[in-house]
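Accompanying notes for the structure given below.
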Amino acid sequence: MMHLLLLSPLVDFDQRFDTEELLNGGIALFALILLALTLSTYRRTHLRRLLLVSAAFGLFAVEVVIRQLDAFVFVIGYQTDQIITTVMELIVLLLFFLAIVMKK
């Protein structure tokens with residue numbers, strides 16, 4: 001109860017979730033599931049490219065969470081939020097590319 005009182009000036013609890021927020025939550029959850037699956041597969045196969053894919057899924061989930069936290073809790077600023085999420089998307093794409101072209 002105490003943390004709710006501390007967060008209440010930052011978060012508007014009366015605001016309802018809209019469709020975009022629910023979809024973003026679903027996307028983040030799906031990315032975390034894919035992260036767990038690829039890490040589980042890595043433990044069985046020890047293919048290094050799966051670590052790159054796992055990192056990409058993890059960063060993708062973090063990027064969605066940052067975008068949502070910025071909308072609800074933090075007021076970083078529109079440009080800062082866009083720069084952070086765009087750089088993270090670029091890193092995710094690079095990790096997927098490296099996983100594809102990487103030899104065993």
Side-chain angles (χ1 to χ4, degrees):
M1 182 68 175
M2 185 59 152
H3 358 51
L4 291 177
L5 293 175
L6 293 174
L7 281 177
S8 62
L10 301 174
V11 179
D12 184 8
F13 288 108
D14 295 330
Q15 182 181 3
R16 293 182 183 200
F17 291 102
D18 64 4
T19 305
E20 180 185 4
E21 293 160 357
L22 291 175
L23 287 173
N24 280 334
I27 290 169
L29 180 64
F30 187 58
L32 290 173
I33 291 170
L34 292 174
L35 169 65
L37 288 173
T38 54
L39 285 175
S40 173
T41 305
Y42 170 75
R43 282 194 285 179
R44 285 193 317 260
T45 63
H46 297 290
L47 291 172
R48 293 176 68 202
R49 66 178 60 184
L50 287 175
L51 286 178
L52 294 172
V53 174
S54 296
F57 285 136
L59 278 176
F60 192 78
V62 168
E63 184 262 331
V64 172
V65 169
I66 286 174
R67 210 172 342 129
Q68 287 303 109
L69 282 177
D70 184 52
F72 284 109
V73 179
F74 305 115
V75 184
I76 299 174
Y78 180 74
Q79 283 188 328
T80 306
D81 175 42
Q82 289 293 332
I83 291 169
I84 291 170
T85 55
T86 302
V87 168
M88 290 181 82
E89 288 172 0
L90 176 64
I91 293 169
V92 166
L93 288 174
L94 286 172
L95 287 171
F96 280 131
F97 174 75
L98 289 174
I100 290 170
V101 299
M102 185 176 170
K103 294 183 181 183
K104 286 186 181 185

Return the [atom1] to [atom2] distance between [X] and [Y], rounded to the nearest 0.5 Å.
X: Ile100; Y: Leu52; atom1: CD1; atom2: CG; result: 11.0 Å
X: Leu51; Y: Leu98; atom1: CG; atom2: CG; result: 12.5 Å
X: Leu93; Y: Phe60; atom1: CG; atom2: CZ; result: 9.5 Å

What's the shortest heavy-atom distance between Met88 and Val62, and which atoms?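 Nearest pair, atom of Met88 first, then Val62: CE-CG1, 3.5 Å.
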Joint hydrophobic cluster, Met102 plus Val92, side-chain heavy atoms closer than 4.5 Å: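 Met102 and Val92: one cluster.
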Sort and list the pairs that fulfil side-chain hydrogen bond (donor to acceptor under 3.5 Å, both in side chains) and have at least one residue in residues 53-66, not counting sequence neighbours.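 Listed by first then second residue: Thr38-Ser54, Glu63-Arg67.
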Who pairs with Thr41 by side-chain contact (heavy atoms from CB on, under 4.5 Å), at least two apart in sequence or on another chain?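 If we apply the side-chain contact (heavy atoms from CB on, under 4.5 Å) test to Thr41, skipping adjacent residues, the hits are Arg44, Thr45, Leu50.
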Results of side-chain contact (heavy atoms from CB on, under 4.5 Å) for Ala55 - residues two or more places apart only: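 Partners of Ala55 under the side-chain contact (heavy atoms from CB on, under 4.5 Å) test: Leu95.
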Show every salt bridge (charged side-chain N to carboxylate O under 4.0 Å, His left out) that has at least one partner inside residues 87-97, sequence neighbours left out.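 Non-adjacent pairs meeting salt bridge (charged side-chain N to carboxylate O under 4.0 Å, His left out): zero.
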Residues clustered with Leu94, ILVMFWY side-chain links under 4.5 angstrom: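 When side chains under 4.5 Å apart are linked, the cluster holding Leu94 also contains Leu90.
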Which residues share a ring-ring contact (aromatic ring centres under 6.0 Å, His included) with Phe57, sequence neighbours left out: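 ring-ring contact (aromatic ring centres under 6.0 Å, His included) list for Phe57, sorted by chain: Phe96.
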Do any side-chain atoms of residues 24-36 form donor-acceptor pairs under 3.5 angstrom with protein atoms, and if so which ones, sequence neighbours left out?
unit_1, atom_1, unit_2, atom_2, d
Asn24, ND2, Glu20, O, 3.4
Asn24, ND2, Gln68, OE1, 3.0

